[in-house]
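Here is how names work: the chains are called A, B, and so on, in the same order as the sequence lines, proteins then strands, and each is numbered from 1.
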2 protein chains.
Amino acid sequence: MFDEFSAEDLTVMQAFKTGEMVVGPGAQLFVEGAHTPQLYTVLAGMGLRYKTTADGQRQVINFVMPGDFLGLQAGVMGEMSHAVEAATEMTLCVFNRADVWRIFKTNPQRAFDLTYLAAMEEHLLGDALSRLGQHGAMEKIAWSLHRIFSRALAVDMVSEDNRCALPFKQQDLADALGLSLVHTNKTLAKLRADGVATWTAGQLHIPDLDRLGELGLVDKEKVEKRPLI
Amino acid sequence: MFDEFSAEDLTVMQAFKTGEMVVGPGAQLFVEGAHTPQLYTVLAGMGLRYKTTADGQRQVINFVMPGDFLGLQAGVMGEMSHAVEAATEMTLCVFNRADVWRIFKTNPQRAFDLTYLAAMEEHLLGDALSRLGQHGAMEKIAWSLHRIFSRALAVDMVSEDNRCALPFKQQDLADALGLSLVHTNKTLAKLRADGVATWTAGQLHIPDLDRLGELGLVDKEKVEKRPLI
DNA sequence: CGTTGTCTTGAATTACATCAAGAAAAGTGG
DNA sequence: CCACTTTTCTTGATGTAATTCAAGACAACG
């Protein structure tokens with residue numbers, strides 16, 4: 001799924017990298033509005049990006065999976081507009097914010113990749129926006145599960161029998177889609193009854209991804225390559 | 001509102017710039033999924049970014065105003081994930097997609113600005129997402145009008161008596177917020193009756209921006225500087 | 001001056017939220 | 001390992017915000 005990593009790239013990134021870090025479930029990687037000195041690439045584990053609204057509600061922006069780059073906003077804008085929290089134990093590759101500028105000075109290709117990633121996020125958020133704005137609960141949930149599962153496939157986290165770990169709560173999914181917990185639960189029950197998607201005990205089972213995609217109105221989009229930072 | 005433009009920056013950007021362009025209302029600046037060779041900075045006029053969903057619905061991503069940079073996605077990813085359409089006559093500063101890479105090679109500061117813009121868009125989309133997911137019609141509409149008006153203030157498009165041009169249809173606002181036209185209309189009528197916001201004949205009148213902000217649950221966020229490309 | 005697009009308003013319907021309460025899990029401590 | 005508490009999941013009943021349907025009033029336009 002990722003662009004190839006040349007020997008030179010590796011050297012450059014190794015200079016940029018300052019270490020590895022392991023955090024436990026529930027750890028706050030970023031706090032909303034805070035000034036943080038570090039950026040991360042997710043090597044293993046899953047997490048949540050979310051915003052807290054003025055009246056105390058929570059909007060989950062998306063689900064964080066291995067390969068994701070965290071903190072680009074803080075890296076260029078100084079502070080994060082959303083929080084990031086670990087849902088499982090996570091292994092992270094750590095970079096210094098101060099080095100971002102150095103990348104731009106010394107390695108245009110990597111700088112370009114950063115912009116690419118930002119544009120990619122924008123694209124994904126746009127998708128989410130149109131799903132939230134224009135569709136009903138069943139479509140939202142089917143779409144979301146489809147997206148998660150496709151991504152898991154891309155990073156090889158899906159087992160032979162079409163199962164992957166999904167260590168979130170139903171409340172998290174509800175908050176991602178702007179639905180109530182109750183309605184989310186009932187819709188998941190329907191998908192389960194129909195044999196389209198079964199999510200129990202932190203495991204998501206999708207026997208037929210295309211069928212789920214139809215319910216979620218997913219247009220068979222190419223799996224896009226993304227740069228790995 | 002914009003970062004200062006040094007003499008050197010000006011020279012660099014003038015080399016990058018390939019011309020100016022004026023388009024009429026209704027013109028399609030970008031088509032969804034298309035490969036376009038040009039990028040634009042909006043000098044005057046307003047427009048819409050939108051996506052069309054699989055089942056034919058339309059989600060307006062945001063409203064385009066002077067100072068916006070259009071086509072960054074196409075610039076780095078090759079194709080746009082959304083369409084852009086002019087709502088009024090628009091004046092655009094034209095750049096070549098091929099030159100984007102040159103920017104990264106020769107002018108790290110400008111390259112950084114591009115990434116900054118992308119991160120900014122991501123931030124704005126995240127805001128929109130949480131508004132769509134977590135709030136009711138009144139809050140959505142108040143929030144949206146607040147955002148538009150604040151932006152208009154920043155680019156000095158608001159008259160003495162707190163009016164600015166808003167050349168969109170109610171349907172556009174409805175599609176931006178995931179509401180039906182009817183409900184949008186009724187909510188606007190309520191705002192008008194309460195004297196908070198009056199939008200008629202393409203003119204938006206906001207006597208008291210703070211009052212609107214309260215209704216829209218807007219936390220008094222600093223007006224952020226953005227780079228002008 | 002008819003035709004078409006946008007706005008406006010009322011009435012009927014529905015998808016979803018809220019309320020409530022029980023059943024599983026998953027921690028916690030003795 | 002077993003009570004005990006707390007969290008997460010599940011299901012039914014009730015309420016409501018927003019949709020859809022329908023139709024009239026303005027505007028804009030050729």
Side-chain angles (χ1 to χ4, degrees), chain A residues 24-26 48 53 55-60 85 87-89 131-145 165-194 197-205 215, chain B residues 24-26 48 53 55-60 85 87-88 131-145 165-194 197-205 215 217:
Chain A
L48 282 177
T53 59
D55 57 342
Q57 308 255 57
R58 183 180 72 149
Q59 172 70 42
V60 170
E85 187 178 313
T88 64
E89 177 174 293
R131 201 59 46 163
L132 256 72
Q134 307 303 134
H135 301 289
M138 177 59 83
E139 287 149 350
K140 286 182 187 179
I141 290 190
W143 168 80
S144 188
L145 293 181
L166 193 59
F168 302 107
K169 302 172 213 162
Q170 294 187 355
Q171 183 71 63
D172 295 326
L173 184 60
D175 287 345
L177 299 175
L179 295 170
S180 71
L181 170 61
V182 173
H183 201 62
T184 301
N185 180 292
K186 286 173 179 167
T187 308
L188 283 169
K190 211 168 291 175
L191 283 170
R192 200 182 316 133
D194 294 351
T198 308
W199 177 22
T200 39
Q203 287 273 323
L204 176 62
H205 176 49
L215 283 175
Chain B
L48 282 177
T53 59
D55 57 343
Q57 308 253 59
R58 185 181 71 148
Q59 172 70 40
V60 170
E85 186 178 313
T88 63
R131 201 60 46 165
L132 256 71
Q134 307 303 135
H135 300 288
M138 177 59 85
E139 286 150 349
K140 286 183 187 178
I141 291 190
W143 168 80
S144 188
L145 293 181
L166 193 59
F168 303 107
K169 302 173 214 162
Q170 294 188 355
Q171 183 71 62
D172 296 327
L173 184 60
D175 287 345
L177 299 175
L179 295 170
S180 71
L181 171 62
V182 174
H183 200 60
T184 301
N185 180 293
K186 286 175 178 164
T187 308
L188 283 169
K190 211 168 290 174
L191 283 170
R192 200 182 316 134
D194 293 351
T198 308
W199 176 23
T200 40
Q203 287 273 322
L204 176 63
H205 176 48
L215 283 175
L217 298 175

Using whole Å, what does the distance between atom [atom2] of nucleotide [N] and atom [atom1] of [X] come to?
X	N	atom1	atom2	answer
Leu179(B)	dA15(C)	CG	C1'	14 Å
Leu132(B)	dA18(D)	CG	P	12 Å
Trp199(A)	dT8(D)	CH2	C1'	11 Å
Lys169(A)	dT10(D)	NZ	P	15 Å

[X] to [Y] - nearest heavy-atom pair and separation:
X	Y	value
Gly26(A)	Glu85(A)	O-CG, 3.8 Å
Arg58(B)	Gln171(B)	NH2-O, 3.9 Å
Thr184(B)	Gln170(B)	CG2-O, 4.0 Å
Pro25(B)	Ala87(B)	CB-O, 3.6 Å

Handout entry: Phosphate OP1/OP2 of dT7(D) contacted by Gln171(A) side-chain N/O (<4.0 Å)
Key = no

Handout entry: Residue closer to the 5' end of DNA chain C, Ala201(A) versus Thr184(A) (nearest nucleotide)
Key =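 Counting from the 5' end, the first nearest nucleotide belongs to Thr184(A).
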
Fill in the blank from the handout: Assign each of Ala137(A) and Leu181(B) the nucleotide of DNA chain C bearing its closest heavy atom; nearer the 5' end lies the nucleotide of Leu181(B)

Handout entry: Closest to side chain of His183(B), choosing from dT19(D), dC16(C), dT8(C)
Key = dT19(D)

All N/O contacts under 3.5 Å from nucleotides 11-14 of chain D to the protein, with atom names and distances to one decimal?
from: dG12(D); atom 1: N7; to: Lys186(A); atom 2: NZ; distance (Å): 3.3

Practice task
Describe the nucleic acid contact of Gly178(A) in one word from base, sugar-phosphate, nothing, applying a heavy-atom distance below 4.0 Å.
Solution key: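 The answer is sugar-phosphate, as Gly178(A) gets under 4.0 Å only of primed atoms, P, OP1 or OP2.
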
